[in-house]
Amino acid sequence: MGKLAETVVGAARSRLTALPGERPAAAVVARLAKGVMALDEEISELDALTEGS
């Protein structure tokens, strides 16, 4: 996990109150973030392939 992500997760965990629906929303955000990271990895791989040809 990147430094920024660690900082954000740590700050979020230190809060004392929770809002209704917060856990499901956090799960959705985590899934979206994983998808974005996977796409970023795929783009990097495709860039490397196109640069090599």
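If you read the sequence from its start, that first residue is 1, and numbering goes on from there. Everything numeric here is computed off the predicted structure, so don't read it as measured data. Hydrogens, waters and symmetry mates are skipped; everything else that's a heavy atom, side chains included, is used.
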Run the numbers on E22 and L19 for side chain to side chain contact (heavy atoms under 4.5 Å, CB included), then give the verdict. CA-CA 5 Å; E22 185 174 338; L19 300 172; 3.9 Å; yes

Take R13 and V9 through the side chain to side chain contact (heavy atoms under 4.5 Å, CB included) test and state the conclusion after the steps. CA-CA 6 Å; R13 288 185 177 152; V9 169; 3.5 Å; yes

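Its side chain within the 4.5 Å cluster rule, L4 clusters with V8 among the Ile, Leu, Val, Met, Phe, Trp and Tyr residues.
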For a quick test of your reading: what N or O donor-acceptor pairs under 3.5 Å do the side chains of residues 28-41 make, sequence neighbours left out?
none

